[in-house]
Amino acid sequence: MRTFRMPQGRFAATLAGATLGAIAVAGAAAHAQEVKKGGTLNVAIETDVRGFDTVDGGVLGQTGEIVMRTMVEPLLGWNTQTNEPEPMLATEWSSSDDQTVWTFKLREGVKFHDGTDFDAEDVAAHYNRILDPENKSSSRSFISSIDKVVAVDPLTVEFHLAHPWMALLPYLATTSMSGPIPPSEHVASGEMNRNPVGTGPFKFVDWSSGDRIVVEKWDGYRDADEINLDKINFRILPDTQTRYASLKSGEVDLIWTDRGPTIIEAQNDPDLVTLTTEGAGAAVNLMNGKKEPLSNPTLRKALAHAWNQDALVKISWQNTRPAVTHPLGQVKDCGEANYRAFDVAKAKEYVAQYLEETGQSEVPEIVMIHTTTPRGRELGEIFQQTAKAAGITLTLEPVDQSTLVARTFKGDFDVTGWRIADGADMGPQLYAYTKIGSSYNLTGFNNEELDKLADEMRVATTVEDRLNKQCEMVSMINDDGSILWRGGGRYYVFTNPKVKNVPPPYRGAVDVTRAWIDE
């Protein structure tokens, strides 16, 4: 039996995913000035949230995760500087010798916002609900290495794995849908999606769709003395310029953005504070290989060479994000990894080959759905132009974010803009996006060699072997042409100087739970 006990002081359980450097800077700032209590923080987010229930809500984008972090907590925190887990709702954990059974001791005396006790039954119910194939949870593919979760006693829970799985602890620390633990009775009542309840420092107050989500300080939080704000207003402002103008005018105090021109302007503004981090993951274009015409691999390769990632990074991101050949970030350099670089001549060669194979006189019309945001429109227009140069007609169809997500999961698209989310370990995402039968195999990968490699990667027992196999998977993904990279993980948040104690955005989502305002 291997046992892991982590220090349980304040910093150890404070910010899930915050770096040591960020904590040190935040702590130094707090000591340099007297922390001020009270007030309302106004945070501008880009899109509305589909919901906070892991089954009914589907997936959380970066903006949804920012809101979720204030209310609902995962079992573990994650320190990106050491790449190690930290206590959160669990205080210590151990594994069996074969690493297929993990036992977690839970923090005593924790309550949910509704006054009910947090215990092992809530943890087991949450994960078993995700794992039940009948519920069709979008998170299931990512954690399917877990066979079952068992409540041993009120403060002890066991995770039984199908095999040793090195991504277990990172995924128990995620603040996207699979990580945060809700009260099981509240979930059973069907209210979690629109009326979230958790153990976090803020409790849900109001949600006006398309306008704002409001949370307020919860006095029952175990570390309530660490929470300084009375309230947080999450303002839903889809237009980047509106968000930026609202920050400049003082209407909001903090904005998330990935728009290059806004980032450049804000970085050069002496009246604003820039928070930025490097990460993994990537923005992508998905090619739907499940249906014609992109079920044809030759046509996918033509579109891959017609895609100009460098142009998008320069025009849309303004070089504020890196062009990438893989989504592993700085953890592992996979090199070129069979990346199909922009090459109009080669794209035309594949178009000619496609026409010869199919006996058609021209490439059928291909429809790309993209968000109605300025970023989405720019993406579509760039791809439309480069595809045209290769002799491919790409018709653009703008849709709102919720519609794009729904249509992508239904397979109702030819090409769609998407995002492979950042993570401490990208293996579960690569597995979910390529595994035959996975609900996240959105492009229709049906490659037995890649499928076997995904299985081998998942059960690898050393970090080196796991990462090398992830690079091999990326090489096969790039060769196939179903997923096209359009910028790697680099994230920006901007605040006005009166906002204190906010760490840089981890995985693109900013943590405002310990913020305070220096009026």
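Between Asp465 and Lys469 there is a salt bridge, since a side-chain N of the basic residue sits under 4.0 Å from a carboxylate O of the acidic one. Using a cut-off of 4.0 Å between Lys/Arg side-chain N and Asp/Glu carboxylate O, Asp414 and Lys291 are scored as salt-bridged. A salt bridge does not link Arg377 with Glu381: none of the charged nitrogens is closer than 4.0 Å to a carboxylate oxygen. Electrostatic pairing of Glu265 and Lys248 does not count as a salt bridge here, judged by no charged N lying under 4.0 Å from a carboxylate O. Between Asp480 and Lys301, no side-chain nitrogen of the basic residue sits less than 4.0 Å from a carboxylate oxygen of the acidic one, so the salt-bridge criterion is not met. Classification of Lys435 and Asp455 as a salt-bridged pair holds, one side-chain N sitting under 4.0 Å from a carboxylate O. A salt bridge links Arg407 with Glu397: the closest approach of a Lys/Arg side-chain nitrogen to an acidic carboxylate oxygen falls below 4.0 angstrom.
Geometrically, Arg194 engages Trp207 in a cation-pi contact defined by less than 6.0 Å to the ring centre and at most 45° from the axis.
Side-chain atoms of Asp422 and Tyr491 include a donor-acceptor pair closer than 3.5 Å. Side-chain atoms of Asp400 and Thr403 form a donor-acceptor pair, as typed in the model, at a separation below 3.5 Å. When only modelled atom types and interatomic distance are considered, Asn468 and Lys332 share a side-chain donor-acceptor pair under 3.5 Å. Under 3.5 Å, the side chains of Thr298 and Glu357 contain a donor-acceptor pair of N or O atoms.
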Check the pair Arg340 / Asp479 against salt bridge (Lys or Arg N to Asp or Glu O under 4.0 Å), numbers first and verdict last. CA-CA 7 Å; Arg340 294 186 178 276; Asp479 182 66; 3.0 Å; yes
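Ring-centre distance between Tyr244 and Trp256: not below the 6.0 Å cut-off. For His305 and Tyr350, the ring centers are positioned less than 6.0 Å apart.
Looking at Phe445 and Ile477, their side chains come closer than 4.5 Å, going by heavy atoms from C-beta outward.
Of all heavy-atom pairs spanning Ser439 and Ser137, the tightest one is OG-O, 4.1 Å.
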